[in-house]
Amino acid sequence: MPMESKSPSSPLGRNKRQSIEHGPIDSTVCNKLRSLIIAAADKAAHQLEAPFYHRKNTTGIVGQRNWSDDEAVNKLWEKYSKPVENNVESIQQAFVRHVVTTLARTHFNMDNFAGYQAAAYTTRDQLLTRWDETQQHHTHVDCKRVYYLSLEFLMGRSFGNAILNMGLKGTYAEALKQLGVELEELVEKERDAALGNGGLGRLAACFMDSLATLDFPAWGYGIRYTYGIFQQQIINGCQVEFPDYWLTFGNPWEVPRLDVVYDVNFYGTVNKYTDGVGRDRWEWKPAETVEAVAYDVPIPGYDTRTTINIRLWSSKPTKEFDLKSFNEGNYQKSVEEQQRAENITSVLYPNDNTMAGKELRLKQQYFFVSATLQDIIRRFKKSRREWVDFAELVAIQLNDTHPALSIPELMRILVDEEGLEWDFAWDQIVTKVYAFTNHTVLPEAMEKWPVSMLSSLLPRHMQIIYDINLFFLQKVEQAFPGDRALLGRLSIIEENPLQQVRMAHLAIIGSHTVNGVAAIHSELIKSTIFRDFVLFYGASKFQNKTNGITPRRWLHQANPGLSGFISETLGGDWWLKNLDELIKLEKSIDDPSFVKRWQDIKLENKLRLAQ
């Protein structure tokens, strides 16, 4: 605040002037007031100039170096925030503490499931310490982050994977054995997280493991499904499907972030108005609002302290209970809003054979991307950088077309809420931030949404999609004048037989790069379903990223005998972070003892499975 510019109506500008309402101003009061204003201005200037001045907010402290101005307070925080040693004794202490104080059990009534829970909480304590170190480091260096958006994360069991990645499997086994507990018995008690269904979800989980292992500053974003898709049981030789109540006994691997809550809107109307400088603007007036509540799942890297995060969203109502309806005897209506909101994150892939099911799926996808973008933008704004720097700090990877609605949603935020010009928002931010992973080569498997449904559920987004499509087709027309058939094939809007929004087209147009998931797949999409886009953009926009699986879980953990033999043959286990090292095994394929040992390990595994 420049102190030279004194307003006549301000206390500093009056200069002892007679005040009709309050009488003369005492010089002592005036001087004291001047000192307070100068101090406030100096403090505000210091905050703007010092990027690491600590500031508390609802999700932590921005750019902190110290918690408090009191050095004694800082020393206490530093003393008690130090990570505990990862030895047998410290693990035993933490395990017993969680049995007694977290689970309210003793060694007399602790069964294997309670033992698993205590071991999981013990492991989570260590993960959260590493997670906090990782996030503070990323915030301090103000680095670019990659955000991986996926409707599925097929995580598998977390306990064994976590202690393996932290290099503590042997230590845990010994610590628990001395307490009379077998590690493998506890591992078997963990239920799989019902957050994914197949290859797409498994790919996402492996990506997060690899990103952590390679020390990338990354976040995963998804949905916290209450029931997953279904639990399969074989009864009398037949498959029977049941709801997967995987959260019945809680999930020790998640951290509820009840302070990280965002409003997500649906339906309503769009109003056009003119802003203060004469520009046409649009305002969305939603008719329904739910809350997105964050739950964090730490993901440890292998042979590194880096621990990244998957943030999952759970839908909650803005008003959980209608007391008036309840008192009137209308008990179903009293919880109607709660049920309608929580349905959004109840089940992975709601049955879309009905229009209600289709709309719930679309609601689910927008809920997911709306909350995610609000969180990403909140984190960006903490850096106090300008919008022109957004693409320098943010990279968003779309895992299939499910998160594609984030493209018009980001445009809505930038243009409608932040007041940016359309061309700047699209050219300098959106198309520099997004990349898209495609998973199919079948035209009939490409995701599409009826224009009528999208217009009803998300009216402003449908307008934005129309504009994106218009500007894109104008460029196509310039490049290929008169080719109406090409315009129809490239359009985001499919006209016949029903107007539908082609989500893959939206994802391609809004992304700087598109990739397939295997070499042959990447070539096929260029020559089949996306060949017209290759014609327009050129082949360089379409890349290949062969998606494999993490060898830490699917070889080292799943097949320890073979993993140990490979490490013995190669003289170390560095291949677990670089699978290219496995090519060195080729020189042993003609060695009879090597072949026999390999076959023996396979036979032992088959016998163990049969037993």
Side-chain angles (χ1 to χ4, degrees), residues 88 91-92 94-96 98-99 102-103 105-127 153-197 201-202 205-206 209 225 227-235 239-254 297-300 302 549-564 601-602 604-611:
V88 168
I91 291 172
Q92 289 173 337
F95 178 83
V96 172
H98 280 297
V99 169
T102 304
L103 304 177
R105 302 277 193 112
T106 69
H107 58 290
F108 293 108
N109 64 350
M110 184 196 74
D111 56 15
N112 281 341
F113 182 72
Y116 154 70
Q117 289 179 301
Y121 285 119
T122 300
T123 308
R124 193 186 76 164
D125 290 347
Q126 296 165 320
L127 287 178
F153 286 96
L154 190 56
M155 303 301 299
R157 295 175 178 176
S158 296
F159 179 35
N161 189 67
I163 59 176
L164 176 72
N165 280 9
M166 291 192 295
L168 296 174
K169 187 173 182 178
T171 309
Y172 264 79
E174 179 60 28
L176 294 173
K177 185 176 181 180
Q178 292 181 14
L179 290 172
V181 180
E182 292 295 327
L183 173 63
E184 294 302 326
E185 292 182 357
L186 303 191
V187 169
E188 290 299 317
K189 290 298 179 180
E190 180 177 0
R191 292 187 67 170
D192 285 20
L195 300 173
N197 181 40
R202 187 58 234 158
C206 288
D209 181 278
Y225 301 104
Y227 303 112
I229 188 165
F230 61 82
Q231 184 180 31
Q232 174 185 295
Q233 295 183 17
I234 305 300
I235 299 177
Q239 173 181 301
V240 182
E241 298 173 1
F242 295 92
D244 190 355
Y245 301 108
W246 73 286
L247 290 172
T248 300
F249 299 103
N251 177 18
W253 303 105
E254 68 181 13
V297 181
I299 306 296
Y302 177 79
I549 57 172
T550 165
R552 274 81 61 183
R553 180 187 288 269
W554 296 106
L555 182 50
H556 188 50
Q557 185 179 349
N559 196 344
L562 183 58
S563 174
I601 292 170
K602 291 176 66 177
E604 290 170 6
N605 288 335
K606 290 177 181 179
L607 290 173
R608 181 161 51 86
L609 176 64
Q611 293 171 354

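Here the side chain of N109 pairs a donor or acceptor atom with the backbone of T106 at under 3.5 angstrom. Between the side chain of S563 and the main chain of N559, no donor-acceptor pair closer than 3.5 Å is present. A donor-acceptor contact shorter than 3.5 Å is absent between the side chain of Q233 and the backbone of V240. Of the possible polar contacts, one joining the R202 side chain to the L154 backbone as a donor-acceptor pair under 3.5 Å is found. E190 places a side-chain N or O within 3.5 Å of a backbone atom of S158 that can act as its donor or acceptor partner. For N165 (side chain) and P300 (main-chain N/O), a donor-acceptor pair under 3.5 Å exists by modelled atom type.
What you find for I234 and Q239 is that their closest heavy atoms are CD1-CA, 4.0 Å. The two residues G561 and I601 have their closest heavy-atom pair at O-CD1, 3.6 Å. Between A118 and F95, the shortest heavy-atom contact is CB-CE1, 3.7 Å. Considering all non-hydrogen atoms of both residues, Q92 and A175 come closest at NE2-O, 3.0 Å. Residues C206 and T550 share a closest heavy-atom pair of SG-N, 3.5 Å. Considering every non-hydrogen atom in both Y225 and G228, the closest pair reads CB-N, 3.7 Å.
The pair D209-R553 does not meet the salt-bridge criterion, since no charged nitrogen lies less than 4.0 angstrom from a carboxylate oxygen. Of the charged side-chain nitrogens involved, none lies within less than 4.0 Å of a carboxylate oxygen, so that K189 and D111 do not count as a salt-bridged pair.
Distance CZ/F159 to CD/E188: 11.5 Å, rounded to 0.5 Å. Separation of atoms CD1 (I163) and CG (L183) is listed at 4.5 Å; rounding is to 0.5 Å. Atom OG1 of T102 and atom CG of D125 lie 8.0 Å apart (nearest 0.5 Å).
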Self-check item: Test side-chain hydrogen bond (donor to acceptor under 3.5 Å, both in side chains) applied to Y172 and T123, step by step
Solution: CA-CA 9 Å; Y172 264 79; T123 308; 3.2 Å; yes
Quiz item: Do L195 and V297 pass the side chain to side chain contact (heavy atoms under 4.5 Å, CB included) test, and can you show the C-alpha distance, the side-chain angles, and the key distance before you say yes or no?
Solution: CA-CA 12 Å; L195 300 173; V297 181; 5.6 Å; no
Quiz prompt | Audit row: F153, I299, side chain to side chain contact (heavy atoms under 4.5 Å, CB included) steps and yes/no | solution = CA-CA 12 Å; F153 286 96; I299 306 296; over 6 Å; no
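Taking a 6.0 Å sphere around CZ of F249, one finds it holds 12 or fewer heavy atoms contributed by other residues, nucleotides or ligands. At most 12 non-hydrogen atoms from other residues, nucleotides or ligands lie less than 6.0 angstrom from OH of Y227.
Using a 4.5 Å cut-off on side-chain heavy atoms (C-beta onward), L179 and H107 make no contact. The closest side-chain heavy-atom distance from F113 to L103 is not below 4.5 Å. Within the 4.5 Å cutoff, side-chain heavy atoms of N161 are placed close to those of Q557. Looking at heavy atoms from C-beta onward, L127 lies in side-chain contact with W253 at the 4.5 angstrom threshold. Between I91 and Q126, some side-chain heavy-atom pair lies under the 4.5 Å cut-off. Using a 4.5 Å heavy-atom threshold, the side chains of N251 and W246 count as touching. Side-chain atoms of P252 and Y116, non-hydrogen and from C-beta on, do get closer than 4.5 Å to each other. Between H98 and Q117 the shortest side-chain heavy-atom distance does not fall below 4.5 Å.
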